[in-house]
**Q** 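Please find one structure pasted underneath; my questions will follow.
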There are 2 protein chains.
Amino acid sequence: MPLRDRPPPAGHQELSAVHTKGKPTSFDIAHLTGVSQSTVSRALRGSPLVSEETRQRIKAAADQLNYKVDKNASNLRSQHSGTLALLLFEDPTADDSHINPFFLSMLGSITRACALRGYDLLISFQQLSDDWHADYADTKKADGIILLGYGDYLAYRDKLQKLAAQGTRSVRWGAVLPDQPDVSIGCDNFQGGQAVAAHLLEQGCRRIAFLGDASSHYPEFFDRYRGYVSTLREAGVQADPALQVDAIESTEQAGYDAAETLLQRDVPFDAVFAASDLIAIGAMRALADRNIKVPEQVALAGFDDIPMARFLNPPLTTVLQDTKLAGETLVDNLLSLIRREPVETHLLPVKLVVRRSSQYGPP
Amino acid sequence: MPLRDRPPPAGHQELSAVHTKGKPTSFDIAHLTGVSQSTVSRALRGSPLVSEETRQRIKAAADQLNYKVDKNASNLRSQHSGTLALLLFEDPTADDSHINPFFLSMLGSITRACALRGYDLLISFQQLSDDWHADYADTKKADGIILLGYGDYLAYRDKLQKLAAQGTRSVRWGAVLPDQPDVSIGCDNFQGGQAVAAHLLEQGCRRIAFLGDASSHYPEFFDRYRGYVSTLREAGVQADPALQVDAIESTEQAGYDAAETLLQRDVPFDAVFAASDLIAIGAMRALADRNIKVPEQVALAGFDDIPMARFLNPPLTTVLQDTKLAGETLVDNLLSLIRREPVETHLLPVKLVVRRSSQYGPP
DNA sequence: CTGAAAGCGCTTACAG
DNA sequence: CTGAAAGCGCTTACAG
């Protein structure tokens, strides 16, 4: 009652018949080298239980037959996949080929961090409305999930809860909040907001508008806003509610619209702090459309330091988030989680990058 | 001699003991619904062999237990993975978080195309020097591979050959060449080069420089170059070899350096056609550093239409590659290959996008 | 339409 | 250090 039709009857072991069909298996290597299949498996995975000489012979045979371990089989047996999944979620956008460049940078650094640690990366773009908890980890395609995206936190929060309840290992890029159900890693948005406000105050601005949602729906923007308010207050400047306009979508269009709204309110302002670079770009266009000069009439700053920020006209002052460190931190913490080690939330440092958009006078 | 310790002895079938340990399996669903495991498997995969009533019961039980098919097991058994792999290869770059934005767009559209067709996407960034043939397909983690990247074609050509020899199904984004070992899909670079040249001639330019490698090492650039030369010739303008400078790396720095080289040659030119937008951005900076005005003194055009092209100062005239269509075409053709259907190479249309960088006078 | 059985290609106790 | 066996959780002939 054999479980498999191979191995062939003894005596055939040295025959090259093993080449004939399909991809070679560990049994083929075993026949070729005259050891058991278990030994082949051990040797190839670097087990110390195999003698050096045997290992060499087995590796040589494997190379010769171009043998590769079948991951589906090894994953099934060992119950882990050596794969992480990246879920990039976003508000549904009309033009679907435009992803926020900041997330694209993150994606790059996450991919590299995974590769360096010997993990593969599955990637998936999801609408916030999708049932994205029900995926990779459940089907055993991934050992853990990295969540990345802007969106209404209160709307996807129960999805996070569900993920956690199912025991799915996940880390999320985002604000670090007191009562969150998951592990999150984010940059110090509060400090970033402070840095921008301090810089704009230094430039002599006093009526600094904020473009971006300032509520717990968008905690990252909210923290940036709070940092800005706190620094203004320390400087004895009152944050005028008429100078805050929502721009929830972190797109150029949302930024344009928010700036328009601000302009229509007809309250004076001498600076604009946009909650993201994309919003800043839209605001820049709205100001240009009204012939308002940046930085001469209005100073402008963004957040993220996406690649195009330095190529804008004028180049955009913004807050650099270290995406390389962020990607590595996300991956390392997820791997800790997978190994069932204790993990804490992290707050990564940010750095103000001053460019011409916020500086009065010539560069 | 049971192959598994479950199912438990008859009579326990209705017990909720199935919940107790780990993730549920198809056997758990079978016990719960009183059918065989085979039927569960069939029902869940939508086999017409199962009665509607049974299927409903099984689905309900599966939902209740939050059962998900283990992909490792089903992939192992059915010998396909429902996954494609994307290999993004690039010349080694110092700063590893900066990927060519054009490829990032492609990545987005490929990801979406995969999702729409029910496939998962593994992604991996590779150095050209790596042995990247030896990966996903061999280990059965992916059914096929999409190759994407700039690089020295002659250098990675035998890797393609090796891939093909191993029977790995793959498609590549790139130039469509006569004797290539694989299926490639690319945009009509020749026509794009023609369009740029025709436009610049129309603007009155006669001494049009070309920044980018013009050899079979970089077939895409070469095709753009050939399109440019052919259109010049048709207009009775001789392409001056002194006006062509290599910029093999498709980075801003390479563009800057190429423009510098051109300027040092001290030959007159009234336009620059950069083989990619990144090269054009570098050239723009080099020209600005010498106080040469674009477009007043030198018209400038790029290729790719990366997102930042329209935000440059001045906005960059360039050639739009339809990344959405490109991603879909790549995925569809790879799926055809996997189904062993005949597949041909494709040439996708391009579109000239005229912006201020190439237009004399005010916009 | 349904079930019992085989088997995908590994890893990992277990025994020596 | 090595081998024989069990078993990971499915899919898919095969038989009814």
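We name chains A, B, ... by the order of the sequence lines, and we start the count at 1 in each one. Keep in mind the model is a prediction, meaning the values are calculated, not measured.
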**Q** Return the residues of residues 51-61 of chain B meeting this criterion: a heavy atom under 4.0 Å from some atom of DNA chain D. Order them by number, or give none.
**A** none

**Q** Look at the side-chain N and O atoms of B:Q79 and state whether any lies under 4.0 Å from the OP1 or OP2 oxygen of C:dG7.
**A** no

**Q** Using atom CG of A:L44 as one end and atom P of C:dG9 as the other, report the distance to the nearest whole Å.
**A** 16 Å

**Q** Wobble G-U and Watson-Crick pairs count when both distances are under 3.5 Å; given that, what is the 5' to 3' dot-bracket string of DNA chain C, with | for pairing to other strands?
**A** |||.||||||||.|||

**Q** Classify every nucleotide of nucleotides 11-16 of chain D by which part a protein heavy atom approaches to under 4.0 Å, writing B for the base, S for the sugar-phosphate alone and - for neither, in 5'-to-3' order.
**A** BBB---

**Q** Please identify each residue that fulfils ring pair (Phe, Tyr, Trp, His ring centres under 6.0 Å) with B:Y153, with sequence neighbours left out.
**A** B:Y156

**Q** If a pair satisfies salt bridge (charged side-chain N to carboxylate O under 4.0 Å, His left out) and one of its residues is in residues 40-52 of chain B, list it, with sequence neighbours excluded.
**A** B:E52-B:R55

**Q** Can you check whether B:T25 has a side-chain N or O nearer than 4.0 Å to OP1 or OP2 of D:dG9?
**A** no

**Q** Starting at CG of B:D138 and ending at P of C:dC10, how long is that distance when rounded to a whole Å?
**A** 12 Å

**Q** Do other residues, nucleotides or ligands put more than 12 heavy atoms under 6.0 Å from the CZ atom of B:R340?
**A** no

**Q** Taking NZ from B:K140 and C1' from C:dC8, how many angstroms apart are they, rounded to a whole number?
**A** 9 Å

**Q** Would you be so kind as to tabulate the donor-acceptor pairs closer than 3.5 Å made by side chains of residues 325-338 of chain A, with sequence neighbours excluded?
**A**
{"residue": "A:T329", "atom": "OG1", "partner": "A:L325", "partner atom": "O", "Å": "2.6"}
{"residue": "A:D332", "atom": "OD1", "partner": "A:R117", "partner atom": "NE", "Å": "2.5"}
{"residue": "A:D332", "atom": "OD1", "partner": "A:R117", "partner atom": "NH2", "Å": "3.4"}
{"residue": "A:D332", "atom": "OD2", "partner": "A:R117", "partner atom": "NH2", "Å": "3.2"}
{"residue": "A:N333", "atom": "OD1", "partner": "A:H346", "partner atom": "NE2", "Å": "3.4"}
{"residue": "A:N333", "atom": "ND2", "partner": "A:T329", "partner atom": "O", "Å": "2.7"}
{"residue": "A:S336", "atom": "OG", "partner": "A:D332", "partner atom": "O", "Å": "3.1"}

